[in-house]
Every structure is written in C-alpha cells, then in structure tokens.
Asks: 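Pasting a structure here, questions to come.
Just so you know, these numbers use all the heavy atoms, side chains as well, and skip hydrogens, waters and symmetry mates. The structure presented is a predicted model; accordingly, all values stated were derived computationally and were not measured.
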Amino acid sequence: MSLAEDFAALSVEDAVRASTSFDQLRAGDGALYWLETRPEAGGRGAVTRWRPGEGIRSISRERFDVTSSVHAYGGGTFAVVEDTLWCIGEAGLYRSRRSSDQLEPITQGRFGDLTVGDGELLAVRESEQGDEIVGVSLAGRTQVRALVASTSFLGAPRQGPGLLAWVAWSERDMPWDACEVWVAPYLPGGDIGSPRKVAGGSNESALEPRWGPDGALYFMSDRSGWWNLYRWNGDAIDAVGPIAGECAAEPWELGYVSYDFLADGRIAMVVQEGPRHRLVVVEPDGAVRPVNVPYTSIKPYLAAQGMTVSLIGSSPTAAPQVAVVHLADGHPRLEVVARSEHGELSAAQVSTPTELRIGVPGGREVVALVYPPTGSAADWCAPLIIRAHPGPTASCLLRLDWQAQFFTSRGFAVVDVDYLGSTGYGRSFRESLYGRWGLEDVDDCAAVANYLLGVGRAVPGQVFIRGASAGGYTALHAVSKDGPFAAATAVSAIVDPDRWAETVPRFQRAHATRLRGGAGRVRAATVRRPVLFIHGTADEVAVVEDVRELADELAALGVRHELLLLSEVGHYVATSSRAGAALEAELAHYRSVTAAAVVGSGDHKAASGSCSRT
C-alpha cells in the first residue's frame with residue numbers, strides 16, 4: 001500500500017477526540033472519581049464522578065483546569081471529602097463546596113498528592129527550597145501547617161493508626177533509583193514525633209506506602225530486582241506474594257496506587273511483565289492468582305470498594321476505559337462505566353499488534369510491538385514509523401492508541417520499541433541506560449528497523465523514527481548517524497543533556513545527571529536526514545530555546561528541517577489543544593520526505609511502496 005492510498009483513513013478530528021485521558025482514579029461514598037483530560041477541551045483536566053444509577057458528571061468548575069506542577073509532572077490533584085472537592089490549579093490549592101457555586105482559593109503554591117486524613121487534608125507542597133508535607137484543616141477556619149520538611153523530595157503522606165507514613169528521596173536520585181519509606185507518630189492537629197526509616201536506601205526504591213486493614217504498613221520495594229509488595233508489622237518486613245514482575249509503575253507522578261485492599265482480606269494488584277499488564281489478587285497465604293479481565297494495559301490507579309476493584313484499562317482493541325471488576329463470587333464480572341472514544345468509532349477497523357523479540361549484541365533481547373497497516377494482508381510491506389517512547393524509563397503500552405491508528409489507517413506500519421532503560425524488565429535493565437543514553441536506545445531502535453527491512457516488512461527509504469521528550473532525543477541521534485532512518489520527528493525533544501540538566505525542573509535534575517555521558521548533545525553538523533521539530537512554547541521540562549537553536553544551526557548548514565511551534569502548549573503535545581496540528585504536520589513530513597526521495601531518484605517504483613526481501 002502506498003502513502004497515497006488511504007485505507008479507511010481515520011480523520012485527525014476523530015484521532016484527537018478519541019485520545020481522552022483518564023487518570024487518578026479514586027473511590028469513596030459508593031462513587032468513583034477520576035481526572036479526565038480531553039484535547040478538544042483544550043487539554044484541561046476535569047474531575048469526573050460516576051455513581052450507580054446516576055451516571056457520569058463533571059464535578060469541577062467549568063473551564064477550570066485541575067492540574068499540578070508539583071515535581072514537574074504533578075499527580076494527586078484532587079480529593080473529595082463528603083460534599084467538598086479539594087483540587088489543585090495553576091495558582092495553588094482550591095476548595096469547592098457542592099452547596100456553593102464558588103471556587104474558593106485556599107493558598108498559593110505547588111501542591112500534589114492530596115490525601116484525606118482524619119480531620120485533615122494531607123498534601124505535598126514544593127518550593128525551590130525543598131518539599132513539605134502539610135496538613136490542611138477540613139473544618140472551620142482553614143489552616144495550613146507543615147508536618148514534615150526536607151530540602152529534597154517527599155511524597156505519599158498516608159495516615160495510619162496513630163502514625164503517618166511517607167516517602168523521601170534525595171536530590172541526587174530519582175525515586176526509582178533510591179527512595180525510602182518513613183513513619184512517625186502522628187495525631188491530627190498534633191505534632192509529628194520522631195521519624196523512623198522502614199525501608200529503602202541507596203540501592204533500593206521503596207514506594208507507595210499504604211496502611212492495610214490489619215494495621216500493618218504495606219509498600220513496594222525493588223530490593224529483589226523487581227518492584228514487589230512488602231508488609232511491615234512494626235518490627236519485621238515480609239514479602240507479600242513475590243513475583244518476577246513489576247508490581248509498581250515508575251513514579252513520574254505522585255499519587256500512584258498499584259494495589260488496594262479488598263473486603264475479604266485479599267489484595268488486588270497490577271503486575272507489568274514487558275509490555276503487558278495484568279490484574280492479580282494476592283491471597284492471605286501469599287498465593288498470586290490472575291483475574292481474567294480483557295485488558296493488557298492497566299494504569300497504576302486501582303480503587304477498591306468492598307469486593308470490587310475499579311481500574312483504568314485498555315487493550316489493542318479498546319482505548320482506555322474506566323471499569324469496575326466485581327470479585328465477590330469468584331467469577332469476575334466487568335462493568336465498563338466510561339470509554340475514551342466516542343460512539344462513531346465503535347465499529348472502526350483497527351490495526352492490532354504482534355509482539356516482536358529480536359536479539360542484539362550483548363545477549364539481550366529487544367521487545368517491540370508491531371502494528372501493521374490497517375486492513376493489510378498477512379504479507380504486508382509498508383512505510384514504517386519507529387516510535388521511541390519518552391522517559392526513557394517508560395515502556396510500550398499494549399493498548400489502542402488512536403493517534404497510532406491515524407497512521408496505520410494511511411498505509412503506515414507503526415512500531416513501538418522497548419529499548420534499554422524501559423520499565424517492565426527489572427531494576428538492572430532500567431539502570432543500564434545510564435551513561436549510554438543516545439547510544440544503546442538508538443541501536444535498539446535501529447536493530448528493530450533493520451530486522452523489519454530484512455524480512456521484507458518495511459519499504460527501503462521509507463523508514464522513519466519519532467519520539468517525544470527523551471524519545472525525541474533518541475530520534476535525533478538516530479538520524480545523526482548512518483542507519484535505516486530516512487527522517488525523524490522530534491516532539492518536545494531534549495537536545496543537550498548538559499544544558500537540560502541546568503534548565504530542567506529540580507525533580508528531574510538527578511535523572512539528567514545520571515543519563516548524560518552517552519552520545520551527548522545533538523549537533524547540527526552530524527544530522528544526516530530531514531527532521532521535523534514539534535515543540536510547545538510553554539514547555540518547562542524541555543525548554544524550546546534548545547530546539548530553536550538547533551533548528552537555526554541546521555538552517556545555516558542547509559539541512560532540511562521544519563519547526564512547528566505550538567503557542568502556549570506545554571510538554572504534553574498529544575493531549576493538548578494542538579494535537580491535531582501536530583498529527584497533520586507529522587504526516588505531511590513523512591509524505592514530503594518520500595516524495596522528495598522519489599523525485600530525486602527518478603524511481604517511480606518507489607512511489608508504489610515497493611519492498612525488497614532478503
């Protein structure tokens with residue numbers, strides 16, 4: 001299939017409209033709450049509630065953006081207490097009572113990880129001087145008081161029986177490298193007693209403390225090489241359901257909930273193994289049993305009530321959904337309460353992936369998800385888009401991505417690569433990219449592309465690479481050396497790791513420091529293929545000045561490139577109000593590169609997308 005022959009092409013409007021994001025799922029008072037972000041609504045976050053018999057409704061104020069910049073990536077942006085919504089906006093902490101139409105500002109600052117305690121709202125407050133865990137009185141005159149303070153980072157304040165638990169990590173580390181769980185005596189309205197470290201250290205990431213119904217403190221730790229669940233009874237620490245899989249997500253945001261407690265003493269938990277997630281329950285005896293749900297990707301937001309656990313799940317044929325899993329009788333029953341795609345897309349034909357594993361030097365395997373062109377035959381051969389995920393600690397998501405379908409419905413194959421450094425393969429794999437960034441990740445993406453060329457799945461000269469954030473850095477270095485790629489798209493890209501370490505928000509400075517030392521700065525003189533830059537002018541994670549400078553250098557050298565600047569858009573282009581413009585620009589970029597190559601070579605066979613097999 002050629003680039004000019006669209007097969008049931010998905011419109012850019014549909015691709016964007018269907019890219020609704022559900023996050024921060026919570027349960028309480030017989031209802032579910034979540035943060036819903038719709039690109040067509042300008043990328044604003046709205047707190048949404050579902051209750052049986054009532055349906056879905058937004059409970060945050062219209063046109064108010066529920067968002068947080070704490071630790072750059074936010075998280076834990078709302079909490080509901082009886083008839084009151086507490087939420088975070090650009091200016092700080094707000095309160096909205098059901099009985100009033102007013103959105104009441106409480107205090108300014110960067111807040112996150114809102115948690116309801118006993119008579120107090122607990123939260124993390126960040127400043128350039130460090131972090132505090134604060135308590136906010138829920139009744140009477142609102143008072144905000146600091147409970148714990150640190151010049152480094154804090155998170156996950158969780159109240160237990162006469163105790164407060166939290167996590168802490170230093171400015172030299174990311175929380176997935178080294179993170180500690182602490183507890184201290186605490187009574188609402190009172191002072192914090194002497195703290196005690198429970199778990200974590202320089203070679204251990206301990207995360208997500210939660211008090212169980214048995215009064216014990218549970219948490220995740222990667223002391224075994226995998227994030228697994230542990231229990232502290234005030235004296236000893238025991239493993240709970242050990243498994244060779246990641247039972248926690250890499251903590252880019254605050255407020256993750258990778259496990260929750262059912263009423264019968266079991267624990268519901270998400271496990272990631274490579275690109276796949278699954279739901280399991282841990283029995284009281286430690287046995288881990290799978291729960292049959294139709295999802296291969298589950299976000300780290302479980303919410304248990306009684307004998308149900310709610311989740312945000314997706315699969316290759318279902319975009320993210322909010323669903324309730326009923327577990328009372330041993331036969332799980334699924335109730336879907338919200339879908340991200342609109343009804344018109346329910347019958348749309350989609351491309352479903354196959355999992356590819358190839359060997360690379362060093363005895364490693366690289367895992368990739370290959371999405372063929374929509375409606376293609378078994379022996380398809382097509383233009384190819386390799387996607388390097390952001391992070392680089394993120395991972396491939398085995399789920400229906402309507403923006404990927406935008407390209408597969410136009411004759412492209414899309415390939416997501418879990419390159420070295422990805423989450424889902426254990427601590428050692430995740431750490432192995434340190435000092436090798438821009439080298440091993442590039443080689444892994446190129447190895448997948450070369451394999452697909454070798455087996456006749458990819459059109460020579462029509463293999464592209466794209467990436468966002470850290471993936472954009474990977475894409476730029478991929479076209480800065482000889483290889484299979486004809487062009488690159490770099491979205492919200494990091495350009496210079498050294499400069500990035502100076503401009504990135506304080507949360508990520510340790511990450512920049514650990515990653516650099518590999519390929520170094522992307523230099524215009526080494527870029528060998530056309531590049532499309534897409535960047536938001538309000539991006540605070542990867543500042544636009546670095547991309548502008550590289551584009552100017554490419555222009556001076558006569559290297560073909562385009563720069564699409566998106567006014568007032570931040571780091572997340574795909575969920576912004578300009579997501580459609582970004583998709584259209586990327587498609588036009590690949591088509592123009594292919595057309596120029598055809599004209600330059602005079603090879604009219606290339607226009608039909610001919611393939612060669614070895």
Asks: Do Ser469 and His571 have side-chain atoms, one donor and one acceptor, less than 3.5 Å apart?
Replies: yes
Asks: If you apply the rule salt bridge (charged side-chain N to carboxylate O under 4.0 Å, His left out), what do you find for Glu246 with Arg430, and how did you get there?
Replies: CA-CA 11 Å; Glu246 300 286 24; Arg430 192 173 64 245; 3.5 Å; yes
Asks: Side chains of Gln305 and Thr308: is there a donor and an acceptor less than 3.5 Å apart?
Replies: no
Asks: Determine whether the side chains of His389 and Ser422 contain a donor N or O and an acceptor N or O closer than 3.5 Å.
Replies: yes
Asks: For the side chain of Ser68 and the backbone of Phe111, is there at least one donor-acceptor N/O pair under 3.5 Å apart?
Replies: yes
Asks: Can Trp169 and Trp182 be said to form a ring-ring contact (aromatic ring centres under 6.0 Å, His included), step by step?
Replies: CA-CA 11 Å; Trp169 65 98; Trp182 289 77; over 10 Å; no
Asks: Please confirm whether the backbone N or O of Ala168 pairs with a side-chain atom of Glu180, one donor and one acceptor, at under 3.5 Å?
Replies: no
Asks: Using only heavy-atom distances, determine whether the side chains of Ser152 and Glu171 contain a donor-acceptor pair under 3.5 Å.
Replies: no
Asks: Would you say the side chains of Trp176 and Thr393 form a donor-acceptor pair under 3.5 Å?
Replies: no
Asks: Can you tell if the side chain of Leu122 reaches within under 4.5 Å of the side chain of Leu164, non-hydrogen atoms only?
Replies: yes
Asks: Give a yes-or-no answer on whether the side chains of Ser432 and Glu440 include a donor-acceptor pair shorter than 3.5 Å.
Replies: no
Asks: Looking at Asp177 and Arg514, is there a salt bridge between them, counting it only when a charged N and a carboxylate O are closer than 4.0 Å?
Replies: yes
Asks: Can a side-chain donor-acceptor contact be found between Asp441 and Thr474 if the only test is distance below 3.5 angstrom?
Replies: yes
Asks: Looking at side-chain heavy atoms only, is the closest gap between Leu85 and Phe78 below 4.5 Å?
Replies: yes
Asks: Taking only Lys NZ, Arg NE, NH1 and NH2, and the carboxylate oxygens of Asp or Glu, determine whether Asp401 and Arg387 approach each other closer than 4.0 Å.
Replies: yes
Asks: Of all heavy-atom pairs between Gln403 and Ser19, which one has the smallest distance, and what is that distance?
Replies: NE2-OG, 3.3 Å
Asks: Less than 3.5 Å apart, any donor N or O on the side chain of Asp418 or Tyr425 sitting next to an acceptor on the other?
Replies: yes
Asks: Do His71 and Phe153 have their ring centres less than 6.0 Å from each other?
Replies: yes
Asks: Does Glu36 reach the main-chain N or O of Thr20 with its side chain, forming a donor-acceptor pair under 3.5 Å?
Replies: no
Asks: Would you check if there is a donor-acceptor pair between the side chains of Asp214 and Tyr218 at a distance under 3.5 Å?
Replies: yes
Asks: So does Asp113 get a backbone contact from the side chain of Thr115, meaning a donor-acceptor N/O pair under 3.5 Å?
Replies: yes
